[in-house]
**Student:** 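Just passing along the structure, written as structure tokens.
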Amino acid sequence: MRVMEIKNPFNAPVYHEKYVDSTMITARNLALKNEPHGTVICADFQSAGRGRQGRNWHIESKGNLMFTILLRYRKTEALPKALTLRTGLAVSLALEEFSPELQGLVKVKWPNDIIIRDKKITGILAETDGNNVFIGIGVNITQREFPEELREKASSLINFIPLPGENPHYKLLEFVLSELFHEFEEDSGKNSWHEKLTKKLYKMGETVVFSIGAAGSEKLIKGTLKGINKNGELCIVPEGRETIEEFPAGELKVY
Ligand code: BTN
């Protein structure tokens, strides 16, 4: 069903389904049907929600925000760089606009999580088929209970701020779309994301443990988080060393 009341600055349709397997799959089908750049599909429930590195994304109920936006590029070379990080920046700014009480509290955990007070609130999954980009975003808004294995790590906006009465997920979606439009259309050539993101980087300047490379990698290093470089790689000075090492893939182990 097309939702007319949601403002989409990309000037493209916003669809809403009650049940889908994953909005990532629906978005790929919409791309095959020639839906335009900026088309959005959101859902109340996903039976096969996907997370990064082959994990599942399971959030419970209606009231959370789960959507994928389709961005179309004519050539692979035109695909935006540092897509996941820049999406994280856009979502973190949108959360602060949605609720000014969150100002200064929203952090981006490299490469794809949004953290408030050490708890994961949002996950981001960016995929591409060469020309099309599919950016999937899940924000925990109203969920109070989490499965045991997530209880220590995850939380919801409702635990931090009073939510606006009606359809908070639609309201937040508008802010996110506006920030995505700003980042990938209006500001696309300016490269201002790097400085803005560095200020919001989770654990910046702190000691971290980092697992290098693919999911489940046993190769861990401990060191001081120094930031990100212009390619979006994570910069760490390992313990006992003085020079920065740059990591294109891996996972921060602490939060
Ligand atoms: C992660 O933290 O591993 C990324 C989670 C991404 C979840 C969103 S929810 C909407 C979209 N559809 C999916 O199946 N996944 C993304």
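Counting starts at 1 for both ligands and their atoms, in listed order. What you see is a predicted model; the values in this text were computed from it and never measured. Along the sequence shown, the residues carry numbers beginning at 1.
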**Student:** Are more than 12 heavy atoms from other residues, nucleotides or ligands located less than 6.0 Å from atom CZ of R151?
**Tutor:**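 It does: R151 CZ has more than 12 such atoms within range.
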**Student:** For ligand 1, which atoms sit closer than 4.0 Å to a heavy atom of S22?
**Tutor:**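 Those atoms are 12 (N), 13 (C), 14 (O).
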**Student:** Report, in ascending order of atom number, the atoms of ligand 1 lying under 4.0 Å from any heavy atom of I137.
**Tutor:**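 So the answer, numbered in order with elements, is 8 (C), 9 (S), 10 (C).
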**Student:** Pull out every atom of ligand 1 sitting under 4.0 Å from any heavy atom of G138, numbered as shown with elements.
**Tutor:**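 By the 4.0 Å cutoff, the relevant atoms are 8 (C), 9 (S).
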**Student:** Can you name the atoms of ligand 1, numbered from 1 with element, that are less than 4.0 Å from a heavy atom of T23?
**Tutor:**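 Answer for ligand 1: 10 (C), 11 (C), 12 (N).
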**Student:** Atom CG of N131 and atom CD of E77: how far apart are they, to the nearest 0.5 Å?
**Tutor:**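 N131 CG to E77 CD: 9.0 Å, rounded to 0.5 Å.
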**Student:** Could you walk me through whether N140 and N159 satisfy the side chain to side chain contact (heavy atoms under 4.5 Å, CB included) test, starting with their C-alpha distance in whole Å, then the side-chain angles of each, then the deciding distance to 0.1 Å, before giving a yes or no?
**Tutor:** CA-CA 10 Å; N140 301 333; N159 293 324; over 6 Å; no
**Student:** Give the single entry among R50, R52, M24 that approaches atom 15 (N) of ligand 1 most closely by any heavy atom.
**Tutor:**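 Residue with the shortest heavy-atom distance to the ligand atom: R50.
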**Student:** Using a 4.0 Å cut-off to any heavy atom of K120, which atoms of ligand 1 qualify?
**Tutor:**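 Checking each atom against K120, I get 1 (C), 2 (O).
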**Student:** Can you confirm whether E206 is buried at CD, in the sense that more than 12 heavy atoms of other residues, nucleotides or ligands lie under 6.0 Å from that atom?
**Tutor:**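 Atom CD in E206 is crowded, with more than 12 foreign heavy atoms closer than 6.0 Å.
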**Student:** Considering only heavy atoms of I124, which atoms of ligand 1 have at least one such atom less than 4.0 Å away?
**Tutor:**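 Answer, ordered by atom number: 4 (C).
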**Student:** State the atoms of ligand 1, each with its element, that fall below the 4.0 Å cut-off from a heavy-atom position in G51.
**Tutor:**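 Counting atoms of ligand 1 from 1, those under 4.0 Å from G51 are 1 (C), 3 (O), 4 (C), 5 (C).
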**Student:** Only counting residues at least two apart or in another chain, list the ones meeting salt bridge (Lys or Arg N to Asp or Glu O under 4.0 Å) with R241.
**Tutor:**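 Salt bridge (Lys or Arg N to Asp or Glu O under 4.0 Å) check on R241 returns E245.
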**Student:** Hey, which atoms in ligand 1 end up nearer than 4.0 Å to a heavy atom of F67?
**Tutor:**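 That gives atoms 10 (C), 11 (C) of ligand 1.
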**Student:** Verify the neighbour count for atom CE of M4: are there more than 12 heavy atoms of other residues, nucleotides or ligands below 6.0 Å?
**Tutor:**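 At most 12 heavy atoms, drawn from other residues, nucleotides or ligands, come within 6.0 Å of this atom.
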**Student:** Identify every side-chain donor-acceptor pair in residues 170-179 under 3.5 Å, counting partners at least two apart or on other chains, and give the distances.
**Tutor:**
{"unit_1": "Y170", "atom_1": "OH", "unit_2": "H16", "atom_2": "ND1", "d": "2.5"}
{"unit_1": "K171", "atom_1": "NZ", "unit_2": "E166", "atom_2": "O", "d": "2.8"}
{"unit_1": "E174", "atom_1": "OE2", "unit_2": "K7", "atom_2": "N", "d": "2.8"}

**Student:** Where does N112 meet ligand 1, judged by heavy-atom distances below 4.0 Å: at the side chain, the backbone, both, or neither?
**Tutor:**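 The answer is the side chain.
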